[in-house]
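Notes to accompany the following structure.
Just so it is clear, the structure is predicted and the values come from calculations on it, not from any experiment. Quick note: numbers below take in every heavy atom, side chains included, and nothing from hydrogens, waters or symmetry partners.
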Amino acid sequence: QVQLRESGGGLVQAGGSLRLSCAASGGSFSSYNMGWFRQAPENEREFVAGIRWNGGSTYYADSVKGRFTISRDNAKNTVYLQMISLKPEDTAVYYCAADLRPNPAIISTARRAYDYWGQGTQVTVSS
């Protein structure tokens, strides 16, 4: 059983920054691709960023490319999402998720590829 816990959300003004963290316990974190998703009210949960199990590659949604950076520290079983130049449209609940396929080569953007999810952390960007 893999448990994921996000932290770092909050209220920030447009143009500001936040860093989200997701701490994992159980399982073999260093062999999982990890993803960040977000869900705004009345919207579907959407892919934001993903990182390969070894940190060797990353992938971003077009809407956040150049503003968000995903990284991981396998020694700490933690994945991060650094967000800069935040916009009101970034307001959402942010979730981290683990893809339990062993050492996958491809970072999936599909929700169905991820087996475990955190409880989410709220990010609110005011204009």
Side-chain angles (χ1 to χ4, degrees):
Q1 186 85 2
V2 176
Q3 294 184 327
L4 303 173
R5 181 177 295 273
E6 303 94 337
S7 61
L11 174 64
V12 63
Q13 290 188 331
S17 302
L18 281 174
R19 188 175 85 152
L20 306 183
S21 299
C22 172
S25 60
S28 300
F29 177 80
S30 60
S31 65
Y32 305 150
N33 284 7
M34 297 295 295
W36 283 97
F37 289 73
R38 67 185 181 187
Q39 187 167 16
E42 301 184 358
N43 285 3
E44 290 191 356
R45 193 170 299 187
E46 64 177 2
F47 174 83
V48 174
I51 187 166
R52 203 165 165 215
W53 56 275
N54 61 357
S57 64
T58 58
Y59 189 76
Y60 298 92
D62 287 343
S63 59
V64 306
K65 202 171 295 183
R67 300 187 299 121
F68 290 12
T69 302
I70 187 171
S71 62
R72 66 190 297 161
D73 185 339
N74 284 348
K76 296 182 178 180
N77 287 357
T78 302
V79 62
Y80 304 98
L81 187 68
Q82 178 68 51
M83 307 184 292
I84 67 170
S85 302
L86 283 161
K87 305 174 182 180
E89 50 264 44
D90 294 318
T91 295
V93 178
Y94 283 71
Y95 300 89
C96 70
D99 175 353
L100 263 58
R101 294 173 297 157
N103 310 122
I106 303 298
I107 299 169
S108 177
T109 63
R111 286 176 295 170
R112 64 179 179 274
Y114 293 83
D115 304 279
Y116 286 93
W117 296 79
Q119 83 289 348
T121 186
Q122 176 71 46
V123 171
T124 303
V125 184
S126 63
S127 57

Validation row: E89, V125 side chains within 4.5 angstrom (heavy atoms) | no

Might you point out which heavy atoms bring Y94 and V48 nearest each other, and give the distance in Å?
-> CE2-CG2, 4.4 Å

Shortest non-hydrogen separation from W36 to E6 and the atoms involved = CZ3-CG, 3.8 Å

Can you name the nearest heavy-atom pair linking L18 to G8, along with the distance?
-> CD2-O, 3.8 Å

Can you tell if the side chain of R38 reaches within under 4.5 Å of the side chain of S63, non-hydrogen atoms only?
-> yes

Should V79 and I107 be regarded as members of a common hydrophobic cluster, given that ILVMFWY residues are connected when their side-chain heavy atoms come within less than 4.5 Å of each other, either directly or indirectly?
-> no

OG on S127 to CD on Q13, rounded to 0.5 Å | 9.5 Å

Output for pair (I51 CD1, N33 CG), nearest 0.5 Å, gives 9.0 Å

From CZ (R45) to OH (Y114), nearest 0.5 Å = 13.0 Å

S108 versus F47, closest heavy-atom pair with distance = O-CE1, 3.6 Å

Could you pull out the closest heavy-atom pair between P104 and S31, with the gap in Å?
-> CD-O, 4.0 Å

Please check if V93 and V12 belong to a single hydrophobic cluster, counting links between Ile, Leu, Val, Met, Phe, Trp and Tyr side chain heavy atoms closer than 4.5 Å.
-> no

So which pairs with a foot in residues 108-127 pass salt bridge (Lys or Arg N to Asp or Glu O under 4.0 Å), sequence neighbours left out?
-> E44-R111

Co-members of the apolar cluster containing I106 [side chain, <4.5 Å] | none

Distance (rounded to the nearest 0.5 Å) between N77 CG and S28 OG = 9.0 Å

F29, Y116: one ILVMFWY side-chain cluster at the under-4.5 Å cut-off?
-> yes

For residues 95-106, which residue pairs qualify under salt bridge (Lys or Arg N to Asp or Glu O under 4.0 Å), counting only residues two or more places apart or in two chains?
-> D99-R101

Within residues 1-99 or reaching into it, pairs that qualify as disulfide (SG to SG under 2.5 Å) - sequence neighbours excluded | C22-C96

Non-neighbouring partners of R67 that pass salt bridge (Lys or Arg N to Asp or Glu O under 4.0 Å), sequence neighbours left out | D90

Check whether any side-chain heavy atom of W117 sits under 4.5 Å from a side-chain heavy atom of F37, and report yes or no.
-> yes

Same cluster for V123 and L4 if Ile/Leu/Val/Met/Phe/Trp/Tyr side chains link at under 4.5 Å?
-> yes

Contact summary for G9 and L20, nearest pair of heavy atoms | N-CD2, 3.6 Å

Quick one: OH on Y80 to CG on D73, what's the gap to the nearest 0.5 Å?
-> 5.0 Å

So is R72 actually on top of Y32's ring, under 6.0 Å and inside 45° of the axis?
-> no

Same cluster or not: are F68 and M34 linked, directly or through other Ile, Leu, Val, Met, Phe, Trp or Tyr residues, by side-chain heavy atoms under 4.5 angstrom apart?
-> yes

Tell me which donor-acceptor pairs under 3.5 Å the side chains of residues 53-60 have, and how far apart each pair is, sequence neighbours excluded?
| from | atom 1 | to | atom 2 | distance (Å) |
| --- | --- | --- | --- | --- |
| N54 | OD1 | G56 | N | 2.8 |
| Y60 | OH | I70 | N | 2.9 |

Would you indicate whether E46, at its atom CD, is surrounded by more than 12 heavy atoms from other residues, nucleotides or ligands within a distance under 6.0 Å?
-> yes

